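Okay, structure first, notes after.
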2 protein chains.
Amino acid sequence: MRVDEIDQHIIAELELDSRRSFAAIGQRVGLSAPAVKRRVDALRESGAIKRFTAEIDRSVRGWNIEAFVELHCDGGLSPSMMRTMAAGIAEVTDAYTVTGEADGIFLIRARNTAHLEEVMVRIREWKGVNHTRSSVILSHL
Amino acid sequence: MRVDEIDQHIIAELELDSRRSFAAIGQRVGLSAPAVKRRVDALRESGAIKRFTAEIDRSVRGWNIEAFVELHCDGGLSPSMMRTMAAGIAEVTDAYTVTGEADGIFLIRARNTAHLEEVMVRIREWKGVNHTRSSVILSHL
DNA sequence: GTTGAAAAAGTCCACCC
DNA sequence: GGGTGGACTTTTTCAAC
């Protein structure tokens with residue numbers, strides 16, 4: 001799908017406040033409310049806008065420990081297997097394949113250190129995972 | 001602020017779809033629309049809900065290259081200095097202080113490899129940054 | 001793209017448990 | 001803290017242009 005400059009502008013507005021009305025967005029981007037709605041519908045349909053969501057303060061969640069975990073694999077772990085692995089571990093918030101020393105990076109969210117440790121054990125149990133390298137997040141800057 | 005189970009439930013609904021109506025949320029959590037609104041207002045006021053936003057597909061953005069950059073520092077780089085540094089580099093999407101081998105991790109978004117390289121140079125120029133270790137993201141799983 | 005009108009939702013009361 | 005009902009405003013939605 002092609003996304004023109006007005007679409008980009010609409011997307012930027014929705015990122016700032018996804019509950020803003022179509023009329024208010026239209027006023028900023030120079031369109032009528034129905035025109036904005038049609039574009040937003042098309043952007044959702046095409047997948048450009050994945051979903052409308054809320055940004056929640058981390059302290060609200062019970063799971064307060066986060067860590068980056070690098071996966072170093074012995075050649076046999078494909079991206080699709082890593083996807084399966086990430087999907088099978090609920091504590092994995094984000095999963096990436098990367099270049100460099102590591103093969104993949106998981107972002108883990110756990111309730112406490114014991115929970116994190118338990119998750120680490122589950123990760124290391126996977127065939128193909130040679131070793132891991134973790135960085136527990138101390139603060140978000 | 002205290003956040004009870006119903007608040008958690010409301011937050012979960014808003015994360016799934018921040019444009020859902022208060023009445024629809026109320027139906028799911030067992031409250032009336034005005035009651036939901038009151039709670040949402042309080043959650044926003046207290047900062048538990050930071051903002052309503054949209055999740056945008058990465059391919060839509062012009063800046064398509066992302067990388068994790070570990071910062072290894074020679075002891076003299078405090079978190080507050082790292083915050084200053086992150087704020088001064090527009091390409092830094094997220095910044096964390098962490099435990100482990102690295103002192104900090106930046107998530108960088110750049111237009112292309114040349115742009116990423118240029119950002120890396122700027123990071124390494126900072127006093128106190130001993131060396132960096134990068135992982136370019138190949139895919140989001 | 002627009003306008004205009006109907007339908008739906010949001011907002012804000014007072015009043016109740 | 002919660003609900004209801006009503007009045008009013010705004011937003012959404014759709015047909016027609």
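Quick caveat: nothing in here was measured; it's all calculated off a predicted structure.
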Is A:K37 close enough to D:dT12 that one of its side-chain N or O atoms is under 4.0 Å from OP1 or OP2 there? no

Comparing A:R19 with A:R39, nearest DNA chain C nucleotide closer to 5' gives the residue A:R39

Rounded to whole Å, CG of A:L14 lies from P of D:dT12 at a distance of 10 Å

Whole angstroms only, please: what is the CG-C1' distance between A:D17 and D:dT11? 14 Å

For the residue pair A:R109 and A:F68, would you count it as a cation-pi contact if the rule is NZ or CZ under 6.0 angstrom from the ring centre and within 45 degrees of the ring axis? no

What integer distance in Å separates A:D41:CG from D:dT11:C1'? 14 Å

Would you indicate what B:A33 reaches in the nucleic acid, counting non-hydrogen atoms under 4.0 angstrom: base, sugar-phosphate, or nothing? nothing

note: B:F22, atom CZ; D:dT12, atom P; distance rounded to Å ~ 13 Å

For the pair A:W63 and A:H115, name the ring-plane relationship: parallel under 30°, tilted 30 to 60°, perpendicular over 60°. perpendicular

For A:E55, does the CD atom sit with more than 12 other heavy atoms under 6.0 Å from it, leaving out its own atoms? yes

Between C1' on D:dT10 and CD1 on A:I25, what's the gap in Å once rounded to a whole number? 14 Å

Both A:P34 and A:S21 contact DNA chain D. Taking the nearest nucleotide for each, which residue is further toward the 5' end? A:S21

Rounded to the nearest angstrom, tell me the gap between atom CG in A:L31 and atom P in D:dT12. 15 Å

Pi-cation contact, B:F22 with A:R19 (under 6.0 Å, within 45°): yes

Assert: residue with more 5' nearest nucleotide on DNA chain D, out of B:R38 and A:R20, is B:R38

